[in-house]
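For reference, the structure discussed in these notes is given below.
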Amino acid sequence: MFILRQHLRRELFSIYHQKSQLSYSTSTKSSSIDHSTTAIRTEFINYLINTLNFTTASAISSSSKVRRLTTTRYCDSVIHILKNNGFNDSQIKDIVAWIPRVLLYKPNETLEPKIRVFLNLGLTNSDLLRLIKRNPSLFELGLHSRIVPTIDYLRMLVGTDEKVIDIINRSRWLFSTSVALKFYAGNVMLLKSYGFSDEQIEKFVHRNAMHFAQPSKWLTSKLDWVECKMGVSRESNEFFRCFNAIASNSVVNMERKMEVYKSRIVSRCRKIRFREKLRFYMDEVGYTSGYLVTCPSLFSLSLEKRVKPRNEVLKILKERMLLGSKSLITLVNYPELRFQDYLRGFEDEIPGLYETYVSRRR
């Protein structure tokens with residue numbers, strides 16, 4: 001206890017005099033610290049040690065994160081609510097270590113209603129723990145002004161609670177800034193202005209949740225880069241795949257990567273008849289050079305035994321309006337047995353399609 005008091009005295013001095021320029025030896029104000037506040041902080045530290053098995057050092061450290069400590073009367077109730085909502089002892093200790101002020105929240109008014117909203121949505125306790133760590137002020141947000149409207153908007157946008165959970169788990173900034181929801185709405189309107197369908201937007205938001213809580217100018221720069229720099233039309237099935245490839249990179253890094261890709265492709269394809277393949281992909285298929293640098297795997301495939309025969313199949317399926325969303329890059333990357341199984345699925349609509357493909361590979 002004597003050691004604890006020594007630690008506590010030093011900690012209190014740091015808290016109440018961190019902005020003072022006076023040294024400890026010349027300070028005459030430390031004795032003015034309110035004794036009741038000192039007692040409450042001692043009680044709080046002891047609670048962390050005795051109830052949650054904190055070490056003395058970690059308890060003092062956690063206590064120092066709570067600047068205004070006026071009561072400990074909610075501590076037991078907070079722990080009780082966390083346990084009743086499925087958090088185990090280890091998780092509770094983790095939460096308190098990360099956000100010690102959680103023990104000061106009004107349990108029935110502030111804490112439990114917000115926990116229940118997330119758990120009822122379908123988040124696991126582990127999901128919620130990660131969300132709390134990413135957003136230390138989560139339980140200080142308004143339930144009906146921030147948390148519920150955000151969940152309702154996402155549910156309207158992507159359709160299912162499962163996808164809402166995915167977005168929450170993958171979007172770091174969703175609850176950490178008051179403008180995140182505004183950014184989401186702005187980016188949805190931006191995608192609509194580009195002519196994308198609601199279904200495309202739903203998939204786009206779901207797959208790019210971590211990027212969507214950013215200003216629209218960021219999204220605009222990425223979309224324009226795909227279309228203008230890479231030469232991929234927004235009507236192309238490959239547009240969003242290309243976006244995903246560059247989403248986490250700055251424009252400068254992407255320019256650098258394109259140069260690297262170009263040099264690698266040129267070097268590699270000197271050995272695999274690069275010019276012939278490039279001519280086929282650009283003249284016959286219609287790919288741009290900007291798109292091709294993002295698909296180096298195309299140049300490692302046999303033109304005569306794989307690409308051309310499958311491209312002929314693609315033409316037939318497209319002519320019969322049976323292709324769906326499949327593209328050449330998807331079909332040529334299928335393993336041979338999977339591609340043959342794919343062809344057999346059209347035996348009723350196009351008899352002999354499989355035989356036609358096999359004959360063209362010879």
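When reading the values below, keep in mind they use all heavy atoms of this one structure, side chains included, and skip hydrogens, waters and symmetry mates. If you read the sequence from its start, that first residue is 1, and numbering goes on from there.
The CG atom of Asn333 lies 7.5 Å from the OG1 atom of Thr330; values are rounded to the nearest 0.5 Å. The structure places CD of Glu162 at 9.5 Å from NE2 of His206, a figure rounded to the nearest 0.5 Å. The distance from atom CD1 of Ile40 to atom OG1 of Thr70, rounded to the nearest 0.5 Å, is 6.5 Å. With values rounded to the nearest 0.5 angstrom, Leu123 atom CG is found 5.5 Å from Asn169 atom CG. In this structure, the separation between CG on Asp161 and CG on Asn120 is 10.0 Å, given to the nearest 0.5 Å. A distance of 7.5 Å separates CD in Glu235 from CD in Glu227, rounded to the nearest 0.5 Å.
Within the 3.5 Å criterion, the main-chain N or O of Arg68 finds no donor-acceptor partner in the side chain of Arg101. The backbone N or O of Ser90 lies less than 3.5 Å from no partner atom in the side chain of Asp94, so there is not a single donor-acceptor pair. Proximity of a side-chain donor or acceptor of Lys308 to a complementary backbone N or O of Phe280 within less than 3.5 Å is not detected. Here the side chain of Ser221 pairs a donor or acceptor atom with the backbone of Trp218 at under 3.5 angstrom. Lys163 places no side-chain N or O within 3.5 Å of a backbone atom of Leu154 that could act as its donor or acceptor partner. A donor-acceptor contact shorter than 3.5 Å links the side chain of Thr42 to the backbone of Thr38. Without hydrogens or angle criteria, Glu312 side chain to Pro309 main chain gives no donor-acceptor distance under 3.5 Å.
Ser64 and Ser61 are not linked by any side-chain donor-acceptor pair at a separation below 3.5 angstrom, with hydrogens and angles left out of the test. Between the side chains of Asn84 and His80, at least one donor N or O sits under 3.5 Å from an acceptor N or O. Side-chain contact of Thr55 with Ser58: a donor-acceptor pair under 3.5 Å is present, judged by distance alone.
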- Message: I'd like to know whether Tyr291 forms a ring-ring contact (aromatic ring centres under 6.0 Å, His included) with Tyr281, so could you lay out the CA-CA distance, the side-chain angles of the two residues, the decisive distance to 0.1 Å, and finally the verdict.
- Response: CA-CA 10 Å; Tyr291 175 71; Tyr281 288 129; 9.5 Å; no
- Item | Test log, rule side chain to side chain contact (heavy atoms under 4.5 Å, CB included), inputs Val205 and Asn187 | CA-CA 9 Å; Val205 174; Asn187 286 326; over 6 Å; no
- Task: Check step by step if side-chain hydrogen bond (donor to acceptor under 3.5 Å, both in side chains) holds for Asp224 and Tyr194.
- Result: CA-CA 10 Å; Asp224 289 348; Tyr194 270 66; 2.7 Å; yes
- Does the pair Ile151 and Phe118 meet the rule for a side chain to side chain contact (heavy atoms under 4.5 Å, CB included), with working shown? CA-CA 9 Å; Ile151 292 173; Phe118 287 110; 4.2 Å; yes
- Taking it one step at a time, do Ser297 and Ser300 satisfy side-chain hydrogen bond (donor to acceptor under 3.5 Å, both in side chains)? CA-CA 5 Å; Ser297 63; Ser300 66; 5.6 Å; no
- Where do Phe175 and Ile168 land on the side chain to side chain contact (heavy atoms under 4.5 Å, CB included) test, with the steps shown first? CA-CA 9 Å; Phe175 292 102; Ile168 290 175; 4.2 Å; yes
- Message: Between Gln91 and Asn88, does the side chain to side chain contact (heavy atoms under 4.5 Å, CB included) criterion hold? Intermediate values first, please.
- Response: CA-CA 5 Å; Gln91 291 172 324; Asn88 60 39; 3.2 Å; yes
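Across Val66 and Arg41, no two heavy atoms sit closer than the pair O-NH2, 2.9 Å. The two residues Pro100 and Phe44 make their nearest non-hydrogen contact at O-CZ, 3.8 Å. Contact detail for Glu140 and Lys114: the closest heavy-atom pair is C-NZ, 4.1 Å. Of all the heavy atoms in Leu138 and Ile147, the pair that sits closest is O-CD1, 3.9 Å. Of all heavy-atom pairs spanning Glu202 and Leu157, the tightest one is CG-O, 3.7 Å. Between Ile329 and Cys295, the closest heavy-atom pair is CD1-SG, 3.5 Å.
Between Ile99 and Phe139, every side-chain heavy-atom pair lies at or beyond the 4.5 Å cut-off. Side-chain contact between Val148 and Leu143 is present, with at least one heavy-atom pair separated by less than 4.5 Å. Put simply, the side chain of Tyr47 does not reach to within 4.5 Å of the side chain of Thr72, judged on heavy atoms. Using a 4.5 Å heavy-atom cutoff, the side chains of Leu219 and Gln214 are not in contact. Using a 4.5 Å cut-off on side-chain heavy atoms (C-beta onward), Ile316 and Leu353 make contact. In this structure, Leu317 and Ile350 have side chains that are in contact, with non-hydrogen atoms separated by less than 4.5 Å. Between Tyr105 and Ile81 there is no side-chain heavy-atom pair separated by less than 4.5 Å. Between Phe87 and Leu128, some side-chain heavy-atom pair lies under the 4.5 Å cut-off.
The one candidate from Tyr184, Phe243, Phe239, Phe196 that meets the ring-ring contact (aromatic ring centres under 6.0 Å, His included) condition with Phe204 is Phe243. Of the options Leu119, Ile92, Leu82, a side chain to side chain contact (heavy atoms under 4.5 Å, CB included) to Asn125 is made by Leu119 and by none of the others. No option in Leu298, Leu314, Leu328, Leu292 other than Leu328 meets the side chain to side chain contact (heavy atoms under 4.5 Å, CB included) test with Val285.
Partners of Glu199 under the side chain to side chain contact (heavy atoms under 4.5 Å, CB included) rule, at least two apart in sequence or in another chain, are Ser197, Lys203.
For Met189, the CE atom counts as loosely surrounded, since its 6.0 Å shell holds 12 or fewer non-hydrogen atoms of other residues, nucleotides or ligands. Under a cut-off of 6.0 angstrom, the local environment of CH2 in Trp98 is sparse, with at most 12 non-hydrogen atoms contributed by other residues, nucleotides or ligands. At most 12 non-hydrogen atoms from other residues, nucleotides or ligands lie less than 6.0 angstrom from CE of Met321. Taking a 6.0 Å sphere around CZ of Arg306, one finds it holds more than 12 heavy atoms contributed by other residues, nucleotides or ligands. Around atom NZ of Lys83, no more than 12 heavy atoms belonging to other residues, nucleotides or ligands sit under 6.0 Å away.
Judged as a side chain to side chain donor-acceptor pair (under 3.5 Å), the pairs with a partner in residues 143-153 (not counting sequence neighbours) are, in order, Asp152-Arg155.
Electrostatic pairing of Glu336 and Lys305 does not count as a salt bridge here, judged by no charged N lying under 4.0 Å from a carboxylate O. Between Asp341 and Arg338 there is no salt bridge, since no side-chain N of the basic residue sits under 4.0 Å from a carboxylate O of the acidic one.
Geometrically, Lys106 does not engage Tyr74 in a cation-pi contact, judged by NZ or CZ lying under 6.0 Å from the ring centre and within 45° of the ring axis. For the pair Arg310 and Phe339, the distance from NZ or CZ to the six-membered ring centre is under 6.0 Å and the angle to the ring normal is within 45 degrees. Taking the ring axis of Tyr354 as reference, the NZ or CZ atom of Arg344 stays within 45° of it and closer than 6.0 Å to the ring centre.
The distance between the ring centers of Phe346 and Tyr357 does not fall below 6.0 angstrom.
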